[in-house]
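Here the structure comes first, spelled out in structure tokens, and everything after it is commentary.
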There are 2 protein chains.
Amino acid sequence: MPWLTHTAKNDVVAQICDRIWLAVVQRTLRPGARLKEEELAEIFGVTRARVRQALVLLEQDGLVSLVPNRGACIAEPSVEEAQDAFSARLLIEQRLVARLCARVTDAQLDQLRDHIARERSAHEMGDSEAVIRLSGEFHMLIARMTEAELLFKILRTLTIRTSLITAMYQTQATQTCGPDEHARILAAIAARDEARACAEMTHHLNHLESALRLSESDRPVSELREALLGAGQRAKTG
Amino acid sequence: MPWLTHTAKNDVVAQICDRIWLAVVQRTLRPGARLKEEELAEIFGVTRARVRQALVLLEQDGLVSLVPNRGACIAEPSVEEAQDAFSARLLIEQRLVARLCARVTDAQLDQLRDHIARERSAHEMGDSEAVIRLSGEFHMLIARMTEAELLFKILRTLTIRTSLITAMYQTQATQTCGPDEHARILAAIAARDEARACAEMTHHLNHLESALRLSESDRPVSELREALLGAGQRAKTG
DNA sequence: TTCAGCCAAATTGTTGACAATTTTGTGCAC
DNA sequence: GTGCACAAAATTGTCAACAATTTGGCTGAA
């Protein structure tokens, strides 16, 4: 079910990746959390070798940072990295949505409509896990429909990155983007209006980013320095 | 020295990756070539585990295809995949070069000039290995200078892909792009002319792609079917 | 008290042997 | 001679024990 899955098969390693990713976006696993191989191995009922493979894959996706001889932990993307990720994602998704406008079929439009309906349903039922999953899946669905395999792959890793970033920098205000903006994107695609679709996608991603604490003024106290120097010092450095 | 290197450290695995990549771009290892783990392990004087790690990384970069229980071989990107790769690379590099125009320093310009000089030198001396390496490095240098870490990473894997594609589909006519087009790109960057820099980069990449046998009419006879049916049959199928 | 040095515990990295799978080769029936 | 079944070889996948590295605490001297 999860869309993150690396290989299509019933791969144990891919399942481990998915579970870790899910724990991160659900904020069960906080950024910086230590990931001990043996512990994970026991949790998932596999050997350490499998866990190790999963960690390597997750590092490639930027979800965990892997330091030689010192183990793995959930990555802590900086504000700059966060902005980079959104910037890259915008570039890719603009291209994807434009491309889809030119080639989308009616069947695909129905599929997208169906997906948004499911998003709405999950939203109303308050199933936050489904909301998160489906929300990401919408973007991946568009990517897959464009049949640009490479951009699809790139977007997959970028989505993983932004998932982590969202989990890390999110405010109480906006947990996830509602399905409404997705609907607007879909409408533009259905109208085969490239410019509008691009604009809606841009708006959507900018909205997503702006709902995070990425400004200088109110960063989260995740960084040790900031946290320990306290508010008094921050005025000086800023 | 090689710019492909995955991790900055003196990582044995990264070296294996580089050696394999180099063998591919030098056409010593042809697409489709079988990569037996034990064989590689013996060649590089390492254990199979290391080779395995390298193969996983190379698969992520699209240089080798890895089939469960059936081993690894040099990937054989289809024409569609080749076009996708160039298309994606164009998208990324346009962005990168535009971004660099806005932030390039004089020192960086000197560095680029110096690089092109080395390209020229290698070109004149007929050192084809250096030409290939430096040619790729020029693009990576631009990417690094923009300080967009993510786009840099993405471009790295795209460059690996296009290296393979070039090796696979290249004609006798153009082995590699000469340093002249790089010089034109640099000139546009030096003039801080975003539009022109983009255009030059676009021209350069299109030139690179158009020098390959990517058209329907004359595909390489890499596929077994094509190769063994012979020219007589090809007329029928085409 | 403080800090360098050192030892012990915990954790990661590596290896080689073993299991599972696929491929290749052989023989038998038809 | 052809096709199928079965066995043997080659190759990949997995594992658990062992080695190397780091971390934290302890001791003892300045």
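Chain A is the first sequence line, chain B the second, and so forth, proteins listed ahead of strands; every chain is numbered from 1.
- For the pair B/Lys36 NZ and D/dG13 P, the computed distance is 15 Å after rounding to whole Å.
- We find that CZ of A/Arg52 is positioned 14 Å from C1' of D/dT14, with the value rounded to whole Å.
- A/Glu42 has its CD atom 15 Å from the C1' atom of C/dT11, to the nearest Å.
- Counting only distance, with no hydrogens or angles, the side chain of B/Glu81 and the backbone of B/Ser78 share a donor-acceptor pair below 3.5 Å.
- One interatomic measurement links the two molecules: CZ of B/Arg34 to C1' of C/dT22, which rounds to 10 Å at whole-angstrom precision.
- Atom CG in B/Leu40 sits about 9 Å away from atom P in D/dT12, given to the nearest Å.
- A parallel orientation is assigned to the rings of B/His204 and B/His139, their planes being inclined by less than 30° (bins at 30° and 60°).
- Nearest nucleotide to the B/Arg48 side chain, out of C/dT12, C/dT15, D/dT12: D/dT12.
- The number of heavy atoms from other shown groups lying within 6.0 Å of CD (A/Gln26) is above 12.
- For A/Glu38 and D/dT21, the CD to P distance is 20 Å, given to the nearest whole Å.
- Counting heavy atoms from C-beta outward, B/Arg103 and B/Met145 have side chains that stay 4.5 Å or more apart.
- Contact annotation for B/Arg50: backbone-only contact, meaning every heavy-atom pair under 4.0 Å involves sugar-phosphate atoms and none involves a base.
- Contacts of A/Leu35 with the nucleic acid, taken as non-hydrogen atoms under 4.0 Å apart, involve only primed sugar atoms and P, OP1 or OP2.
- Taking only side-chain nitrogens and oxygens, B/Thr47 never comes nearer than 4.0 Å to OP1 or OP2 of C/dT14.
- Distance from the side chain of A/Asn69 is smallest to D/dT22 among D/dT22, C/dT11, C/dT14.
- Residue contacts shown for A/Leu55 are absent, as no nucleic acid heavy atom lies under 4.0 Å away.
- With hydrogens and angles left out, the side chain of A/Arg70 and the base of C/dG13 share no donor-acceptor pair within 3.5 Å.
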